[in-house]
Amino acid sequence: MPLFTKIRKNDREEIRVMRNDWKGHDMINVRVFYDAGGEMRPGKQGIAFKAELLSDVLWALNEALQMPAECGGTP
């Protein structure tokens with residue numbers, strides 16, 4: 001699974017953004033990986049969606065970023 005980037009979440013976890021083919025579908029996979037004794041393993045937390053939805057997901061994330069803090073946006 002090609003890895004785009006890793007984002008450090010805390011001392012034991014990182015968020016990995018990957019793109020791969022799953023059963024003939026071009027997929028984006030955003031998943032939390034955890035340290036299992038020196039080896040990073042995928043956890044249950046994450047999301048996978050068809051790459052064609054990426055622009056919609058990015059738009060929604062940007063909208064969330066613009067929301068006021070009391071509505072869950074950035075303070």
| request: Answer yes or no: is there a side-chain heavy-atom contact under 4.5 Å between K6 and M40? | output: no
| By side-chain hydrogen bond (donor to acceptor under 3.5 Å, both in side chains), which residues pair with R41, not counting sequence neighbours? | none
| query | Can you hop from F33 to V17 via hydrophobic side chains spaced under 4.5 Å? | reply | no
| task | Using the test side-chain hydrogen bond (donor to acceptor under 3.5 Å, both in side chains), find all partners of N10 that sit at least two apart in sequence or belong to another chain. | result | E13
| query | When Ile, Leu, Val, Met, Phe, Trp and Tyr are grouped by side-chain heavy atoms lying under 4.5 Å apart, directly or through other members, which residues fall in the same group as M27? | reply | W22
| task | Indicate if V30 and W59 have the same hydrophobic cluster label, given that clusters are the connected sets of ILVMFWY residues with side-chain heavy-atom separations under 4.5 angstrom. | result | no
| query | Same cluster or not: are V32 and M18 linked, directly or through other Ile, Leu, Val, Met, Phe, Trp or Tyr residues, by side-chain heavy atoms under 4.5 angstrom apart? | reply | no
| task | List in chain and number order the residues that pass salt bridge (Lys or Arg N to Asp or Glu O under 4.0 Å) with R12, two or more places apart in sequence or in another chain; answer none if no residue qualifies. | result | none
| Under a single-linkage definition using a 4.5 Å side-chain heavy-atom cutoff for Ile, Leu, Val, Met, Phe, Trp and Tyr, are I7 and I28 assigned to the same hydrophobic cluster? | yes
N/O donor to acceptor pairs below 3.5 angstrom from side-chain atoms of residues 43-53, sequence neighbours left out:
{"unit_1": "Q45", "atom_1": "OE1", "unit_2": "K9", "atom_2": "NZ", "d": "3.4"}

| query | Roughly how far apart are L58 CG and L65 CG, rounded to 0.5 Å? | reply | 12.0 Å
| note | Quick note, salt bridge (Lys or Arg N to Asp or Glu O under 4.0 Å) partners involving residues 22-38, not counting sequence neighbours, are R19-D26
